[in-house]
Amino acid sequence: MIRLKNEKEIDGIRKSCHALADLFREIVPQIEPGMSTKAVDDLVVKFIKKIGGVPAWYAENFAGAACISINEQVIHGIPSKKKIIHDGDLVSIDIGIDLDGYISDSCHTVQVGNVKDEYKRLVKATRESLAAGIEACVAGNRIRDISNAVNDVANGKYGYGVVYDFCGHGVGLDVHEDPSVPNCPMSGPNPRIQPGMVLAIEPMINLGTADVHIAGDGWTVLTNDGKWSCHEEHTVAVFEDHTEILTLCDDLVC
């Protein structure tokens with residue numbers, strides 16, 4: 001069931017989302033070669049505790065406040081003292097905050113140090129596809145319009161693999177709500193986009209194949225061919241005459 005949010009609920013979700021944008025602004029400049037992903041997660045925990053929130057992924061029984069996925073890891077990388085960030089890596093950091101019962105969700109891929117041009121292009125394509133998906137997310141359109149817009153950029157323009165096994169979703173009062181928001185055309189439900197919807201739109205784009213698998217830890221999702229991946233995500237709220245990017249942080253450099 002799709003839960004349409006009222007004005008009070010959207011205000012609460014917006015506050016959580018603005019806090020999440022502030023979190024990214026604080027931690028991204030601190031990420032550097034030699035850090036462990038556990039050290040990054042510690043920064044996330046410290047910030048969320050400071051604002052009186054709770055890491056949203058704890059409700060999912062995930063072993064971290066942030067999913068931190070490096071290079072061929074697509075999503076759901078578990079923070080670890082043994083996983084070290086290196087110069088040239090792509091580090092996708094996916095974070096949710098539960099602030100007074102309102103959930104935010106966003107991901108940014110950080111380009112660490114001297115990143116090769118082919119990977120910079122992948123990041124550029126993923127961000128363009130996210131922007132296209134958000135542009136298509138307007139009242140009166142359908143969910144598949146978002147999917148088509150993301151796929152048209154990532155696969156149609158750039159020729160990259162668009163992950164189909166995982167997708168975006170409703171969010172705001174729970175971590176994962178209806179509807180699912182695929183990043184490429186798929187059969188199944190195709191609900192109309194309505195005012196009051198709050199959606200997490202999140203392209204996961206691979207340099208090679210779109211096919212992925214789950215690692216032995218039961219969480220980390222990897223590309224089947226070992227080529228690198230990029231993940232970008234915003235939480236948006238749909239109104240009758242516009243769509244608001246709640247987790248917007250245009251000044252973030254990553």
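Keep in mind it's a predicted model, so treat the numbers as computed, not measured.
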Please tell me if the side chains of [X] and [Y] come closer than 4.5 Å, counting only heavy atoms from C-beta onward.
X      : Y      : answer
Ser36  : Ile84  : yes
Leu130 : Val150 : no
Val221 : Met204 : no
Val212 : Phe166 : yes
Val238 : Cys137 : yes
Ser180 : His169 : no
Pro79  : Phe62  : yes
Tyr102 : Leu173 : yes

Less than 4.0 angstrom from a charged side-chain N to a carboxylate O is my criterion; do [X] and [Y] meet it?
X      : Y      : value
Glu26  : Lys46  : no
Arg14  : Glu244 : yes
Asp145 : Arg142 : no
Asp11  : Lys15  : no

Angle between ring planes, Trp228 versus Tyr119, binned at 30° and 60°: parallel, tilted or perpendicular?
parallel
Treating [X] as the side-chain partner and [Y] as the backbone partner, does any N or O pair qualify as donor plus acceptor under 3.5 Å?
X      : Y      : answer
Asn183 : Ser147 : no
Thr247 : Thr235 : yes
Asp178 : Met1   : yes
Asn148 : Arg144 : yes
Ser16  : Ile13  : no
Asn71  : Asp89  : no
Asn141 : Ala136 : yes

Once you round to the nearest 0.5 Å, how far does CG of Leu20 lie from CG of Leu248?
12.0 Å
d(His231 NE2, Cys67 SG) to nearest 0.5 Å is 8.5 Å
Distance only, no hydrogens: is a donor on one side chain within 3.5 Å (strictly under) of an acceptor on the other, for Thr109 and Ser92?
yes
Hey, quick one: are Ile205 and Val163 part of the same hydrophobic cluster, counting side-chain heavy atoms closer than 4.5 Å, chains of contacts allowed?
no
